[in-house]
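First the structure, in the form of structure tokens, and then the observations on it.
Every number for a ligand or one of its atoms is a count from 1 in the order of the listing.
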Amino acid sequence: MATNTALNLRRLRQNSLIRDLVCEYRVSVQQMIQPLFVVEGLQNREPVIGLTGTYRETPESLLNTIEQDLKVGVTKFLLFGVPAHKKLCDFDSSFTERQIQSIRKCFGKEVFLGVDVCLCSSTLHGHCGVLNAEGDHIENQDTVDELVQVALRYAEAGADCVAPSDMMDGRIGVIRRSLDEAGLDRVLLMSYSAKFHSKYYGPFRMAADSAPKGNLILKDRATYQIHPACPRDAYLSSLRDAEEGADILMVKPGLPYLDVLSKLSQDIQKPWAVYEVSGEYAGIELMAQHGLVQGPAAHVEAWTAFIRAGASIIITYGARFAKQYLEQFQS
Ligand code: PBG
Ligand code: ZN
């Protein structure tokens, strides 16, 4: 005879079929974007420490990787081009443009191709913009002028989406207007609008060759990225970018900023992306290598948290494993 201590909430947790029925969120590979790195002058592709399955690709291996990714359901990409020759201004984006063209030529409209727009892989010093003569300030206007040219060239080369990650003021509006005036009004603009000054970008900076380097006065990105303790700054930055014409907004990193994602995605009615950055991703992978966590299941847990917090798009180095991991661990 059942008593009032009988199962109540546990009734709906008793097996995976029932759990499937009542779960409130479902993650799918269709909402994921796979980052890709392509490096000029590289002879053989190189693995990236901590980012299992991610390589610094050559122009040839890049196309093979995309072909493999398509087979496992990944259709959306975010390309990072790493040019060989670094400069201080008048940047040459032609290497990345050629990669965009070759992806388009190979895969047509089978793939959605977003391209990161920034200068940190192109500058001698590794900052995301143009440094002043004294070396103590990133010049906002000079940087935006350069970024607009890069964004236009990527869009002309065939990008479906350009994604400025530099954090300069006013770049979204200027890029939107320039795209529209050039007849590229169908190209999406995804803003890294809530990009924090995080310590979790380490593996990426090795992959993209983009860490601030040399004997600089400005040693880090604190004067342009958002301080971890300033969620209001993230709100204002996202609101501003939405008003300037961003189609998609972003919180980056993911797990350490779930509160920001949750609040901003409720307050600002735009599609929200979250970037599960290299350090968060590598953290899970490195723990898994030591037997401290079940890697695939832990990734699924993180992705579920992003969707629960309000993201509709997840940018993750694990997109290419997602189908397999989700089938196994989602219920
Ligand atoms: C730089 C940029 C960064 C990332 C993407 N674009 C980090 C940075 O150096 O500030 C981070 C991505 C990651 O860590 O996975 N514009
Ligand atoms: Zn940058």
Practice prompt. Give me the ring orientation class for H299 and W303: parallel if the planes are under 30° apart, tilted from 30 to 60°, perpendicular past 60°.
Written response: parallel
Worksheet entry | Polar proximity ligand 1 side, S278 side, N/O cut 3.5 Å exclusive | yes
Worksheet item: Should we count CG of D185 as having more than 12 external heavy atoms under 6.0 Å?
Response: yes
Worksheet item: Considering only heavy atoms of Y275, which atoms of ligand 1 have at least one such atom less than 4.0 Å away?
Response: 12 (C), 15 (O)
Discussion item. Looking only at distances, can you tell me whether any N or O atom of R221, backbone or side chain, sits closer than 3.5 Å to an N or O atom of ligand 1?
Written reply: yes
Discussion item. I need the contact type for C120 against ligand 1. Using non-hydrogen atoms and a strict under-4.0 Å cut-off, is it side chain, backbone, both or neither?
Written reply: side chain
Practice prompt. Report, as yes or no, whether the 6.0 Å neighbourhood of atom NZ on K323 holds more than 12 heavy atoms from other residues, nucleotides or ligands.
Written response: no
Worksheet, complete the sentence: Any heavy atom of C118 under 4.0 Å from ligand 1? The part involved is side chain
Discussion item. At less than 4.0 angstrom from any non-hydrogen atom of Y317, what atoms of ligand 1 do you find?
Written reply: 12 (C), 13 (C), 15 (O)
Item to complete: Give a yes/no answer: is there an N/O/S atom of H127 under 2.8 Å from the Zn ion (ligand 2)?
Response: no
Worksheet item: Would you find more than 12 non-hydrogen atoms of other residues, nucleotides or ligands less than 6.0 Å from E301 atom CD?
Response: no
Worksheet item: So does H85 have more than 12 non-hydrogen atoms from other groups sitting under 6.0 Å from NE2?
Response: no
Worksheet item: What's the spacing between S191 OG and E244 CD if we round to 0.5 Å?
Response: 8.5 Å
Discussion item. Just by distance, no angles: are the side chains of S193 and D241 close enough, under 3.5 Å, to form a donor-acceptor pair?
Written reply: no
Worksheet item: To the nearest 0.1 Å, how far is atom 16 (N) of ligand 1 from its closest protein heavy atom, and which atom is that?
Response: S165 OG, 2.9 Å
Worksheet item: Between E60 and N64, do the side chains contain an N or O donor and an N or O acceptor separated by less than 3.5 Å?
Response: no
Worksheet, complete the sentence: heavy-atom search around atom 10 (O) of ligand 1 in the protein gives Q225 NE2, 2.8 Å
Worksheet, complete the sentence: So the atoms of ligand 1 within less than 4.0 Å of a heavy atom of K195 turn out to be 1 (C), 2 (C), 3 (C), 6 (N), 7 (C), 8 (C), 10 (O), 16 (N)
Worksheet item: Taking the minimum heavy-atom distance to atom 3 (C) of ligand 1, which of R205, K252, E280, H127 ranks first?
Response: K252
Practice prompt. Could you list the atoms of ligand 1 found under 4.0 angstrom from a heavy atom of V277?
Written response: 13 (C), 14 (O), 15 (O)
Discussion item. Check the orientation of Y275 and Y192. Use parallel for under 30°, tilted for 30 to 60°, and perpendicular for over 60°.
Written reply: tilted
Worksheet item: Does an N or O anywhere in D166 fall below 3.5 Å from an N or O of ligand 1?
Response: no
